[in-house]
Amino acid sequence: MLAAFVRAFRTPDLRKKLLFTLSIIVLFRLGSHLPTPGVSYPLVQNCLEARDAAGDATSGFLNLANLFSGGALLQLSVFALGIMPYITASIIVQLLTVVIPRFEELKKEGQAGTTKMTQYTRYLTIGLAILQSATLVTFARNPSSLFGPACDNILIDSSFITILIMVLTMTAGTGLIMWLGELITDRGVGNGMSLLIFLSIASSFPRALWAIKDNQGWGTFLGVILLGLFVIAAVVFVEQSQRRIPVQYAKRMVGRRMYGGTSTYIPLKVNMANVIPVIFAASLMALPGLVAQFNTDPTQTPPAWVQWVQANLTRGDHPVYMIVYTALIIFFTFFYVSITFNPTEVADNMKKYGGFIPGIRAGRPTAEYLNYVITRITVPGALYLAIVSLIPLIAIAAIGADQNFPFGGTSILIIVGVGLETVKQIEAQLQQRHYEGFLR
């Protein structure tokens with residue numbers, strides 16, 4: 001692989017793309033550490049150290065957003081929101097495709113429709129960025145909700161003008177990240193948004209691993225490394241696994257030309273939902289704790305339901321939390337696959353172009369067969385996502401790791417998925433230039 005990277009750098013146009021991508025990455029990491037106007041960087045660092053020393057953890061959604069921002073969220077930097085508003089906007093637009101007929105028509109219009117959908121996603125991203133930055137600034141005015149009771153102030157000035165500048169700065173940072181991601185996609189290597197998410201998550205690995213070494217010693221540290229290698233190998237194996245349904249096309253005459261008569265296949269991945277169900281489940285699991293927090297009065301005893309939520313649905317190592325979390329992941333996996341893969345539409349397209357599955361009649365029987373296959377594939381895919389997502393929660397209970405345990409859950413799924421896709425794109429460009437690729 002390293003030799004292939006050397007050959008890639010020896011190719012002038014590919015080297016230019018790689019260097020451009022690396023320069024954008026450097027700029028992105030710089031913005032992740034640049035504090036927002038009105039925020040005291042020394043006070044934020046002191047609060048982070050006090051939080052780590054006390055072992056406090058943020059809520060599930062804030063922890064997820066902090067993971068996707070590479071730790072920039074809790075530092076309240078210019079890129080504090082990271083790519084999270086864009087991810088949320090993309091998921092919302094994709095789900096609305098099933099609900100709104102206009103979006104479904106745009107999806108079928110090809111490149112022009114995709115461009116229009118991308119424009120809607122950008123507008124929604126900015127709107128969500130304004131909402132999320134205002135929420136984050138509200139938390140910053142009461143920093144104990146972010147860093148624990150040891151932190152009482154992180155703002156230099158809490159006037160209205162300063163708050164407005166902070167909201168505008170974080171929103172502009174999200175817009176800049178979105179633009180940088182599109183630049184990488186157009187002029188660099190790989191999918192820009194995915195690479196920025198990959199970089200944000202990977203940047204937290206060294207700190208999380210070193211924290212395990214400081215707290216548990218070298219033995220546990222090496223054990224975690226070996227576990228990580230095993231998990232990565234297993235995730236790569238499952239992510240590359242697919243069920244190939246054979247498809248044949250009948251021969252047909254168009255004018256004087258003969259078309260069809262070819263054989264191909266429909267690749268159905270075991271994990272068709274990717275990491276989306278995990279994000280949905282983690283976000284939904286954060287809601288009960290957030291509602292309970294707003295119904296808690298420090299001067300009075302909280303209601304019984306608030307005590308139950310705080311005891312069972314806010315601790316990742318609690319059995320009730322794990323069971324509900326697993327059930328949500330399985331549900332969202334089936335839900336997301338059902339709205340992204342339409343067996344009836346696939347069967348109609350095959351019938352339109354003269355395609356058929358050997359042994360299955362075209363039309364409704366083909367749709368029923370595809371639905372049967374995709375249901376059977378989704379079951380192990382959902383269980384796989386649930387098992388990988390439970391690894392950090394089990395690590396918290398077993399070795400006392402924090403919420404940022406690196407090898408498992410959303411982080412490892414995104415790291416492996418984006419890494420495989422980027423390597424494939426570099427491989428494809430090397431093969432176009434008759435170079436030996438990564439796979440030998």
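All values derive from a computational prediction rather than experimental measurement.
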Pairwise side-chain contact, [X] with [Y], heavy-atom cut-off 4.5 Å (strictly under):
| X | Y | result |
| --- | --- | --- |
| Ile276 | Gln94 | no |
| Asn274 | Lys269 | yes |
| Leu195 | Ile25 | no |
| Met166 | Leu136 | no |
| Leu196 | Ile184 | yes |
| Tyr384 | Val270 | no |
| Gln242 | Ile377 | no |
| His33 | Ser77 | no |

Test your reading of the model: is there a side-chain donor-acceptor pair from [X] to the backbone of [Y], 3.5 Å cut-off?
| X | Y | result |
| --- | --- | --- |
| Ser40 | Leu155 | no |
| Thr422 | Gly419 | no |
| Asn349 | Glu345 | yes |
| Thr21 | Val189 | yes |

Using the ring of each side chain (for Trp, its six-membered ring), is Tyr321 parallel, tilted or perpendicular to Tyr325, with breaks at 30° and 60°?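 Ring orientation, 0 to 90° scale: tilted.
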In terms of relative ring orientation, are Tyr336 and Phe280 parallel, tilted or perpendicular, with 30° and 60° separating the classes?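 Geometry flag for Phe280 against Tyr336: perpendicular rings.
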[atom2] on [Y] to [atom1] on [X], rounded to 0.5 Å:
| X | Y | atom1 | atom2 | value |
| --- | --- | --- | --- | --- |
| Leu383 | Thr333 | CG | OG1 | 9.0 Å |
| Phe356 | Met350 | CZ | CE | 9.0 Å |
| Ile92 | Thr97 | CD1 | OG1 | 12.0 Å |
| Asn271 | Thr378 | CG | OG1 | 9.5 Å |
| Ile245 | Thr264 | CD1 | OG1 | 11.5 Å |
| Thr375 | Phe334 | OG1 | CZ | 7.0 Å |

Which of these passes side chain to side chain contact (heavy atoms under 4.5 Å, CB included) with Thr171: Ile130, Thr125, Leu176?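 Output: one option passes, namely Ile130.
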Which heavy atom of [X] sits nearest to which heavy atom of [Y], and what is that distance?
| X | Y | answer |
| --- | --- | --- |
| Thr185 | Met193 | OG1-N, 4.5 Å |
| Val236 | Val416 | CG2-CG1, 3.5 Å |
| Met170 | Thr36 | CE-OG1, 3.8 Å |
| Ser133 | Val167 | OG-CG1, 3.3 Å |
| Ile83 | Ile197 | CG2-CG1, 3.1 Å |
| Ala347 | Ala367 | CB-N, 3.7 Å |

Could you walk me through whether Phe332 and Leu284 satisfy the side chain to side chain contact (heavy atoms under 4.5 Å, CB included) test, starting with their C-alpha distance in whole Å, then the side-chain angles of each, then the deciding distance to 0.1 Å, before giving a yes or no? CA-CA 11 Å; Phe332 281 123; Leu284 201 58; 3.9 Å; yes
Between Ser194 and Glu421, is a side chain to side chain contact (heavy atoms under 4.5 Å, CB included) present by the stated rule, with each step listed? CA-CA 9 Å; Ser194 299; Glu421 187 63 30; over 6 Å; no
Assess the side chains of Glu368 and Tyr372: does a donor N or O sit below 3.5 Å from an acceptor N or O?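 Absent: no donor and acceptor within the cut-off.
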Check the surroundings of atom [atom1] in [X]: do more than 12 heavy atoms from other residues, nucleotides or ligands lie under 6.0 Å from it?
| X | atom1 | value |
| --- | --- | --- |
| Phe341 | CZ | yes |
| Trp308 | CH2 | yes |
| Arg141 | CZ | no |

Apply side chain to side chain contact (heavy atoms under 4.5 Å, CB included) to residues Thr174 and Gln132 and explain how you reach the verdict. CA-CA 11 Å; Thr174 298; Gln132 293 181 14; over 6 Å; no
Ile330 and Thr326: side chain to side chain contact (heavy atoms under 4.5 Å, CB included), yes or no, with the steps? CA-CA 6 Å; Ile330 294 175; Thr326 302; 4.1 Å; yes
